[in-house]
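What follows is a single structure, written as structure tokens, with notes after it.
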Number of protein chains: 2
Amino acid sequence: MTINAVKREIPDYIEGYGKVRHYQGAFARKPEGAIAGAKLRCFNNDVTDKRVSSIKEAIKASGLKSGMTVSFHHHLRNGDYVVNMVLDACAEMGIKELTLFPTALFGVHKKVIDHIKSGVVTKIMGSVNGPIGQLVSEGGMQVPVVLRSHGGRPRAVMAGDVHIDVAFIAAPTADKYGNICGTLGKSACGSLGYAFTDADYADKVVAVTDNLVDFPASPVSIPQTKADIVVEVPSIGDPAGIVSGTTKVTRDPLRLLISRYASQLIEASPYFKDGISFQTGAGGIPLAVTAFMKEAMLKKGIKGGFGLGGITGYFVELLKEGLVGKLMDVQSFDLDAVRSIGENPNHIEISADWYANPWNCGAAVNMLDVVILGATEVDTDFNANVNTEADGALLHGTGGHQDTAAGAKLTIIAQPLLRGRIPCVTDSVYNVTTPGEVIDAIVTEYGVTINPRRKDLLDAVSGVKDLPLVPMEELAAHAKKMSGPTDPVRTTDRIIGVVEWRDGTVIDVVRQLKK
Amino acid sequence: MTINAVKREIPDYIEGYGKVRHYQGAFARKPEGAIAGAKLRCFNNDVTDKRVSSIKEAIKASGLKSGMTVSFHHHLRNGDYVVNMVLDACAEMGIKELTLFPTALFGVHKKVIDHIKSGVVTKIMGSVNGPIGQLVSEGGMQVPVVLRSHGGRPRAVMAGDVHIDVAFIAAPTADKYGNICGTLGKSACGSLGYAFTDADYADKVVAVTDNLVDFPASPVSIPQTKADIVVEVPSIGDPAGIVSGTTKVTRDPLRLLISRYASQLIEASPYFKDGISFQTGAGGIPLAVTAFMKEAMLKKGIKGGFGLGGITGYFVELLKEGLVGKLMDVQSFDLDAVRSIGENPNHIEISADWYANPWNCGAAVNMLDVVILGATEVDTDFNANVNTEADGALLHGTGGHQDTAAGAKLTIIAQPLLRGRIPCVTDSVYNVTTPGEVIDAIVTEYGVTINPRRKDLLDAVSGVKDLPLVPMEELAAHAKKMSGPTDPVRTTDRIIGVVEWRDGTVIDVVRQLKK
């Protein structure tokens with residue numbers, strides 16, 4: 001056991017995970033050695049068509065065998081058919097003991113539970129949202145799930161921590177030679193950012209498409225040089241689940257108040273000037289913050305630099321209006337974003353590596369001024385938990401939380417002080433996803449709580465009209481008072497989840513729930 | 001000594017090159033192992049500006065030391081300032097014994113000769129066009145130059161045959177964080193295709209730009225994740241040397257006749273149908289072939305699939321007119337091409353790896369129907385030489401010759417039977433660049449000579465009106481008669497050039513000229 005830099009006691013070895021590198025600080029670990037390459041392949045002109053006739057044929061051609069690691073990307077979100085399609089076929093073909101390495105799993109993938117129970121899937125490295133997370137939390141898997149951030153995942157692959165045997169890429173458009181495009185086709189999802197690493201570093205890459213076009217497809221997100229096999233299927237996903245119609249700004253007065261405080265904080269910060277860059281995501285509060293910021297930008301004649309991350313129609317509007325110069329898009333959330341990335345050269349498709357990996361020549365998050373994030377809970381050390389719920393169930397992925405927090409000059413957690421009767425500010429979070437070291441402010445309906453490490457920021461916002469500053473102690477006391485006594489999370493000793501910091505060290509572990 | 005598959009006697013070990021893998025056939029060698037990765041790097045938000053103040057500072061920051069390998073790309077062609085700028089600075093800094101790994105060198109780089117003489121540059125792997133080639137041919141370097149094709153070069157890097165310590169990338173546009181774009185700026189050159197491999201696999205990457213723009217630059221050819229250092233200079237090149245004004249179709253009646261024969265051959269081939277793809281390059285004959293093909297396509301109502309390779313305004317015209325659907329561009333030859341690739345989403349920037357590497361999941365050349373090439377000489381085995389002149393001097397790079405010949409379904413060498421009094425068809429070429437195995441037809445002013453391996457093609461074109469078919473024996477005899485007796489190449493035993501086949505085997509060697 002070792003106590004790490006966020007005061008968590010972590011075993012030095014975790015069964016089913018391996019030797020633990022302990023978290024030593026947000027920027028402590030530096031890489032050694034070289035990027036781990038995929039297998040060299042050789043294609044000559046005897047193959048001018050990489051298509052096979054079915055998912056099973058693709059699996060056969062890929063050489064996928066029991067015990068291997070398969071990867072998927074989640075741009076089709078809750079509309080994705082590909083994960084189920086592939087795992088069902090594996091099950092029928094008698095392939096077992098797979099390690100699943102998705103960028104995220106959704107409700108639509110609850111069938112994975114059957115494959116876990118039957119031994120087709122025995123390990124998961126990736127976000128386990130919803131029902132699969134519940135299963136895992138209750139001890140339904142033999143080895144711990146490994147959670148990595150959007151940047152930590154490509155880092156792990158490039159550093160050789162994870163080797164992808166076969167990557168299955170849901171391709172909204174592809175040609176017979178494997179050029180893949182995300183912006184066209186009936187299942188268009190826009191950016192294919194998360195899939196780039198898989199295409200670059202997997203030993204075999206299978207493009208699964210429902211929109212085969214003449215060679216060469218264009219625009220190209222992932223080129224033919226990366227794809228070994230192409231398979232056409234009737235449908236890779238349900239458009240209704242792939243993109244949301246329109247993302248909406250919150251109308252809840254309490255959340256609007258929080259959003260206004262967050263916006264005021266940004267406006268008072270030294271970053272609110274021409275060229276300001278920000279990531280706000282798709283939640284109700286962040287969108288409202290963006291709306292307030294837009295007002296302020298118009299009022300003060302400020303133009304933004306770039307918007308980053310998962311991109312919504314709201315950001316597209318800012319781009320069109322010239323209020324941000326560029327969009328850097330790793331995931332297009334709605335139809336407006338999908339359309340824009342296909343048409344507007346200032347709307348740039350970026351990979352997860354480009355977005356967030358700490359181990360390359362510089363991710364986009366490093367250039368970020370402001371990010372608005374949420375959390376299921378934060379604590380008096382400003383540590384944030386986004387992975388587990390109040391009962392300790394591991395229901396959420398890390399996403400870009402760690403990466404943007406570590407990269408942005410101003411990291412704001414904006415959320416109500418309580419959800420139902422559960423306090424969002426506690427003495428100590430059950431699980432640390434992101435260390436307080438990289439979180440600058442908590443914004444709740446009670447005002448703004450600044451991390452004492454950021455004295456500069458505290459000075460900047462002191463005395464701003466109508467912006468209450470609340471010390472952390474007061475905030476925590478308030479939360480405690482409001483919620484009344486809460487039950488501690490009740491777990492067994494068994495570790496069912498390992499939460500990696502983006503540099504590959506273990507920042508925390510999650511344990512099996514007590515029945 | 002071993003006699004290889006094109007009957008060349010090659011030593012098993014070459015001083016300054018190493019152990020020889022002998023050429024065994026165009027498609028014989030298969031890769032083993034994994035792609036060799038660059039050093040892992042780590043950039044956090046303490047660096048949001050990668051600029052240094054001068055080329056020397058960039059060299060210092062890159063860690064470049066005597067004995068290392070530096071790479072350059074040649075999209076600025078005969079207008080490039082970057083190679084000289086970097087080598088001059090290295091010389092002043094006392095850095096010696098560098099291995100130069102350019103994609104090609106031009107007349108503008110003749111200053112490299114001084115750096116060779118002073119020991120700054122002691123080895124060259126890459127094309128040595130013109131004066132440097134002359135120097136090398138006369139024994140001016142201690143170790144042999146290694147020639148690789150456009151596809152063989154990225155193959156060599158990915159397979160670990162060549163490790164790039166520092167890559168210098170001439171960047172027509174860049175931002176302070178290293179996003180690089182080729183289509184904008186006063187030194188715009190269009191595609192940056194050859195530079196991609198260097199950016200991907202060098203341990204350090206330096207972007208040298210004369211057009212710094214706000215972060216993030218877009219469109220992005222090479223992303224910030226690859227660039228360690230950015231340096232701004234007054235000018236990276238002379239626009240007059242970077243792009244030619246307009247490439248011109250030949251007006252010489254003899255060459256027009258050859259072009260017409262080549263076009264007739266294509267029209268009579270099974271490939272002349274909807275979707276036909278072709279590469280014709282920028283020479284006078286190939287452009288004329290394209291012009292004749294265009295006529296034929298219009299007459300027969302045929303639409304082409306894609307045009308490949310170095311792209312000219314002529315191809316851009318075909319794209320605009322809908323006679324080809326897409327352009328795949330590794331190098332933009334003229335202003336029209338530069339403009340088009342910046343604007344038209346159907347004009348696709350491709351890397352050299354994508355263009356031509358035999359060791360990935362399939363290069364563009366594999367999808368090619370027809371390629372028109374030249375050669376300094378071909379022989380009765382249909383072997384082609386593009387590297388040496390009649391006197392044996394090593395004056396030309398391999399370019400995409402090997403790759404397109406190996407990839408295309410119909411590879412045509414089109415050229416006059418004699419240049420001056422020098423025959424272009426001989427009993428045995430002095431140097432084999434591309435084996436007869438992958439060359440299908442020689443087209444001269446005497447008609448079309450089909451490789452007997454291609455009986456299908458011979459059948460297809462037999463009886464075509466006004467298209468004389470000339471057996472190889474007749475063609476060679478004719479050439480001999482026309483030229484009269486020729487002097488054999490006079491060389492010493494010393495090997496000054498190693499010509500690799502695209503798969504990394506040695507297909508031939510070039511020896512030092514006798515004085």
Side-chain angles (χ1 to χ4, degrees), chain A residues 26-27 29-48 50 158-159 177-178 205 214-216 218-220 223-228 275 305-306 325-326 328 345-346 348 350-351 353-354 357-368 406-409 503, chain B residues 26-27 29-48 50 158-159 177-178 205 214-216 218-220 223-228 275 305-306 325-326 328 345-346 348 350-351 353-354 357-368 406-409 503:
Chain A
F27 307 105
R29 187 178 178 205
K30 302 292 179 220
E32 284 166 22
I35 296 169
K39 251 190 203 145
L40 282 162
R41 278 93 112 190
C42 180
F43 276 71
N44 284 304
N45 67 358
D46 52 337
V47 179
T48 55
K50 299 177 185 168
M158 289 167 70
Y177 212 52
V205 174
D214 284 348
F215 177 90
S218 77
V220 176
Q224 62 189 59
T225 54
K226 312 284 185 182
D228 299 80
F306 66 94
K326 306 281 168 89
M328 303 179 86
N346 292 322
I348 309 165
I350 62 169
S351 66
D353 172 51
W354 187 350
N357 181 4
W359 285 10
N360 59 27
C361 290
V365 294
N366 294 345
M367 302 300 281
L368 202 53
K409 294 187 186 68
D503 66 2
Chain B
F27 306 105
R29 189 179 177 204
K30 302 291 180 221
E32 283 166 22
I35 296 169
K39 251 188 204 147
L40 282 162
R41 278 92 113 192
C42 179
F43 278 70
N44 284 303
N45 66 358
D46 51 337
V47 179
T48 56
K50 299 176 186 170
M158 289 167 69
Y177 213 52
V205 174
D214 284 348
F215 177 89
S218 77
V220 176
Q224 63 189 59
T225 52
K226 312 284 184 181
D228 299 81
F306 67 93
K326 307 281 168 89
M328 303 179 85
N346 291 322
I348 309 164
I350 62 169
S351 67
D353 172 50
W354 187 350
N357 181 4
W359 285 9
N360 59 27
C361 291
V365 294
N366 294 345
M367 301 301 281
L368 201 53
K409 294 188 186 67
D503 67 2

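We name chains A, B, ... by the order of the sequence lines, and we start the count at 1 in each one.
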Whether the side chain of B:Asn366 engages the backbone of A:Phe43 through a donor-acceptor N/O pair (distance < 3.5 Å, no angle test) should be reported. yes
Do you know the tightest heavy-atom contact between A:Cys42 and B:Arg29? SG-O, 4.4 Å
Nearest 0.5 angstrom please: A:Asn44 CG to B:Lys30 NZ, how far? 5.5 Å
Please report the shortest heavy-atom distance between B:Glu32 and A:Leu40, naming the atom on each side. O-CD1, 3.6 Å
Would you say A:Asn45's side chain and B:Ala406's backbone share a donor-acceptor pair under 3.5 angstrom? yes
Ranking B:Pro31, B:Gly362, B:Gly407 by heavy-atom pairs under 4.5 Å to chain A gives rank one to B:Gly362
Interchain contact, A:Ala408 with chain B, by part (heavy-atom threshold 4.5 Å): backbone
Nearest heavy-atom pair of B:Met367 and A:Thr48: which atoms, and what distance? CE-O, 3.2 Å
Between B:Gly33, B:Gly178, B:Gly305, B:Pro219, which has the largest tally of heavy atom pairs under 4.5 Å with chain A? B:Gly33
Tell me the closest heavy-atom pair linking B:Ser218 and A:Pro345, and the distance in Å. OG-O, 3.4 Å
I'd like to know if the side chain of B:Asp353 and the backbone of A:Thr225 have a donor-acceptor N/O pair within less than 3.5 Å. no
Please find the pair of heavy atoms, one from B:Ala227 and one from A:Cys361, that lie closest to each other, and give the distance. O-CB, 3.3 Å
Tell me, do B:Trp354 and A:Val220 make a side-chain contact under 4.5 Å, heavy atoms counted? yes
Rounded at 0.5 Å granularity, tell me how far NZ in A:Lys226 sits from CG in B:Asn360. 8.0 Å
Which atoms of A:Pro216 approach chain B - backbone, side chain, both or neither, heavy atom under 4.5 Å: both
